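First up is the structure itself, then whatever we jot down about it.
Because the structure is predicted, anything quoted here is derived from the model rather than measured. All residue numbers refer to positions in the sequence shown, counting from 1.
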Amino acid sequence: MKKFLFAGVLALCSVAALGADLKVGADCTSPPFNYRDASGELKGFEIDIAREIGKRINANLQFVCLEFGGLIPALQSKKIDMITSNLSITEPRKKSIDFSIPYRVSTARFVGRKDAGLQPMKADNTPNASALKGKVVGVQRATTNDSYLAGEFPGVEISRYDTAENMLLDLVAGRIDLAFVSPMKVRTDFLEKPEGKNFQFVSGEIEAPKYLGDGVAVGLPKESTALREQINAALQGMFADGTF
């Protein structure tokens with residue numbers, strides 16, 4: 001009984017501790033997930049998720065905008081307390097940080113010009129590296145998509161970008177032949193807009209857990225058990241009551 005009561009007190013203390021400020025890392029350039037609108041206000045699906053988590057765990061959130069490749073180092077150096085930025089759960093990442101339960105699946109697709117006739121994937125949706133001989137494929141640097149291209153398309157020239165926006169600008173300008181992208185982002189932020197009218201997905205959705213991970217989740221520091229449990233409970237509550 002004493003052990004049970006002591007554990008209960010520790011749990012309450014952990015919850016109370018979460019009432020302090022938490023710094024949330026995001027790349028802030030990836031609509032519809034996390035981005036700044038014309039007025040400079042931070043918006044997006046993952047920003048909404050983070051804010052709802054903050055409300056449910058009684059935490060005050062401060063968003064910190066960083067390049068995607070700098071998010072995990074910032075978490076490890078304690079410059080931020082959590083990441084909500086399209087971060088997939090992968091085995092290499094699990095060696096250095098922890099994750100919440102996933103809130104979205106991890107997939108990717110190729111996008112290119114409608115009239116280019118490129119087929120980067122075979123009929124069975126496996127890589128067709130030979131079809132991209134002499135072509136240049138764009139990808140966002142230090143992402144799971146980057147790992148997939150490097151591992152499954154040997155010999156193909158890869159052009160790496162710090163932001164998806166710069167990659168898509170180069171696609172429109174013809175400096176790259178294809179882009180390997182997050183499907184939801186590119187559908188809403190490119191293909192459904194005037195600048196994307198001459199482009200389309202040129203592959204089906206690719207699921208490759210070895211590279212793309214086991215879902216998108218909140219990134220957390222190692223050994224942050226209390227925070228992880230609170231965030232998991234908040235996410236499960238959002239799934240159960242329809243808020244998600």
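The distance from the NZ atom of K135 to the CG atom of L118 is 5.5 Å, given to the nearest 0.5 Å. With values rounded to the nearest 0.5 angstrom, N34 atom CG is found 9.0 Å from F63 atom CZ. If you take CD on E223 and CG on D98, they are separated by 7.5 Å, rounding to the nearest 0.5 Å.
In terms of modelled atom types and a separation under 3.5 Å, the side chain of T188 and the main chain of M184 share a donor-acceptor contact. Here the side chain of R51 pairs no donor or acceptor atom with the backbone of E46 at under 3.5 angstrom. Remark: the backbone N or O of D27 is paired with a side-chain donor or acceptor of S85 at under 3.5 angstrom. A donor-acceptor contact shorter than 3.5 Å is absent between the side chain of D37 and the backbone of K43. At least one donor-acceptor pair under 3.5 Å links the side chain of S88 to the backbone N or O of L212.
Ion pairing between a basic and an acidic side chain is recognised when a charged N comes within 4.0 Å of a carboxylate O; D146 and R141 show no such pairing. In this structure, K23 does not pair ionically with D81, as no charged nitrogen and carboxylate oxygen lie closer than 4.0 Å. Note on D189 versus K193: salt bridge recorded, some NZ/NE/NH1/NH2 to OD/OE distance being below 4.0 Å. A salt bridge does not link E157 with K133: none of the charged nitrogens is closer than 4.0 Å to a carboxylate oxygen. Between R56 and D241 there is a salt bridge, since a side-chain N of the basic residue sits under 4.0 Å from a carboxylate O of the acidic one.
For F201 and F110, the gap between ring centers reaches or exceeds 6.0 Å. Residues Y161 and F68 keep their aromatic ring centres 6.0 Å or farther apart.
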Task: Step-by-step side-chain contact (heavy atoms from CB on, under 4.5 Å) determination, I83 to V218 - done: CA-CA 5 Å; I83 299 170; V218 179; 5.9 Å; no
- [ ] With side-chain contact (heavy atoms from CB on, under 4.5 Å) as the test, would you mind laying out the steps for Y211 and T90 before giving the verdict?
- [x] CA-CA 7 Å; Y211 300 101; T90 66; over 6 Å; no
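I47 and L75 fall into different hydrophobic clusters, defined by Ile, Leu, Val, Met, Phe, Trp and Tyr side-chain heavy atoms under 4.5 Å apart, directly or through other members. Using a 4.5 Å cut-off between side-chain heavy atoms of Ile, Leu, Val, Met, Phe, Trp and Tyr, with links allowed through other members, V24 and I101 fall into the same hydrophobic cluster.
Heavy atoms of other residues, nucleotides or ligands lying less than 6.0 angstrom from NZ of K222 number more than 12. Crowding of E207 atom CD: a count of heavy atoms from other residues, nucleotides or ligands under 6.0 Å not exceeding 12.
A side chain to side chain contact (heavy atoms under 4.5 Å, CB included) with I57 is found for one member of E52, Q230, E229 and no other, namely Q230.
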